[in-house]
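Only one structure is covered here, and it is reproduced in the block below.
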Amino acid sequence: DTAVSQTPKYLVTQMGNDKSIKCEQNLGHDTMYWYKQDSKKFLKIMFSYNNKELIINETVPNRFSPKSPDKAHLNLHINSLELGDSAVYFCASSQDGGGNQPQHFGDGTRLSIL
Amino acid sequence: GNSVTQMEGPVTLSEEAFLTINCTYTATGYPSLFWYVQYPGEGLQLLLKATKADDKGSNKGFEATYRKETTSFHLEKGSVQVSDSAVYFCALSPTLQGGSEKLVFGKGMKLTVNP
């Protein structure tokens with residue numbers, strides 16, 4: 001059983017389009033996250049939600065809008081895609097967002113902008 | 001601010017070689033420290049963790065000890081296998097009261113183990 005699943009796995013689209021990435025966790029965790037991994041493998045947090053409430057919002061363009069319909073889902077919608085948005089996006093979850101709780105990651109969505 | 005500095009590599013080793021990946025951190029308070037591993041085409045997986053000074057995390061033959069005096073959390077394995085080929089990330093999470101704590105990652109180190 002997949003713990004953190006995100007779809008699609010690959011997303012190829014053109015500049016200017018709008019796209020969404022979905023994430024679901026079946027671990028019963030309260031906190032979910034979105035990370036961006038660039039071509040050099042550097043990982044940076046984008047957003048964090050705890051029980052559907054936005055907790056962390058790093059310096060991310062407002063073209064990126066997370067939505068959490070319930071605590072098991074955290075979707076990422078991106079408007080007006082740009083070349084620089086090409087990256088691998090990872091969803092993750094943790095029990096309660098506490099500092100010593102490990103995070104469980106999905107397999108990533110590879111976004112390529114043409 | 002909080003930051004993690006680790007060896008970036010890439011590093012290539014022969015099977016059964018000894019592995020050390022250095023990791024040092026800067027943080028206020030008493031962070032929790034983690035090593036995550038990313039196998040090709042997959043997401044990150046927790047490899048081991050330590051939540052207080054002098055704790056040793058261990059898993060799959062890997063070990064790391066939380067050294068507060070040197071602000072380090074170096075990863076070691078005595079004998080690597082081909083299946084250990086992956087990217088390794090050191091990370092910290094500040095332990096502040098309340099709220100969600102974000103992970104701060106090092107830049108990752110790609111390890112290739114040849115037979």
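Convention: sequence-line order gives letters A, B, ...; per-chain numbering from 1. Reckoned from all heavy atoms, side chains included, excluding hydrogens, waters and symmetry mates.
- When all heavy atoms are compared, the tightest approach of Leu46(B) to Pro102(A) is CD2-CB, 3.3 Å.
- Of the atoms belonging to Lys49(B), it is side-chain heavy atoms, and not backbone ones, that fall under 4.5 Å from chain A.
- Listed options Lys40(A), His104(A), Gln37(A), Gln6(A) were ranked by heavy-atom pairs under 4.5 angstrom with chain B; first place goes to Gln37(A).
- Contact detail for Phe105(B) and Tyr35(A): the closest heavy-atom pair is CE1-CE2, 3.5 Å.
- One hydrophobic cluster, built from ILVMFWY side chains closer than 4.5 Å, cannot hold both Tyr36(B) and Phe42(A); they sit in different ones.
- Within 6.0 Å of the CD atom in Glu69(B), the count of heavy atoms belonging to other residues, nucleotides or ligands exceeds 12.
- Only the side chain of Gln38(B) has a heavy atom closer than 4.5 Å to any heavy atom of chain A.
- Atoms CD and CG, from Gln103(A) and Leu44(B) in turn, are 9.5 Å apart once rounded to the nearest 0.5 Å.
- Of the atoms belonging to Glu58(A), it is side-chain heavy atoms, and not backbone ones, that fall under 4.5 Å from chain B.
- Residues Leu48(B) and Leu103(B) are members of separate hydrophobic clusters, defined by side-chain heavy-atom contacts under 4.5 angstrom among Ile, Leu, Val, Met, Phe, Trp and Tyr.
- For the disulfide (SG to SG under 2.5 Å) condition, no pair includes a residue of residues 29-79 of chain B, sequence neighbours left out.
- Listed by first and then second residue, the disulfide (SG to SG under 2.5 Å) pairs involving residues 7-63 of chain A are Cys23(A)-Cys91(A) (not counting sequence neighbours).
- Nearest approach of Lys41(A) to Phe89(B), heavy atoms of both residues: O-CE2, 3.2 Å.
- Linking ILVMFWY residues whenever their side-chain heavy atoms come closer than 4.5 Å, directly or via other members, leaves Leu27(A) and Tyr49(A) in distinct clusters.
- With a 4.5 Å cut-off on non-hydrogen atoms, Lys9(A) touches chain B through its side chain but not through its backbone.
- Linking ILVMFWY side-chain heavy atoms closer than 4.5 Å, directly or via other members, places Tyr10(A) and Ile78(A) in two distinct hydrophobic clusters.
- Proximity to chain B (any heavy atom under 4.5 Å) is shown, for Leu43(A), by both the backbone and the side chain.
- By the rule that hydrophobic residues join a cluster once side-chain heavy atoms approach within less than 4.5 Å of another member, Tyr88(B) and Tyr66(B) end up as members of one cluster.
- Inspection of non-hydrogen atoms places no residue of residues 16-24 of chain B under 4.5 Å from chain A.
- Residues of residues 66-76 of chain A lying under 4.5 angstrom from chain B, judged on non-hydrogen atoms, do not exist.
- Your options are Lys110(B), Glu42(B), Lys52(B), Gln45(B), and the one with the most heavy-atom pairs under 4.5 Å with chain A is Glu42(B).
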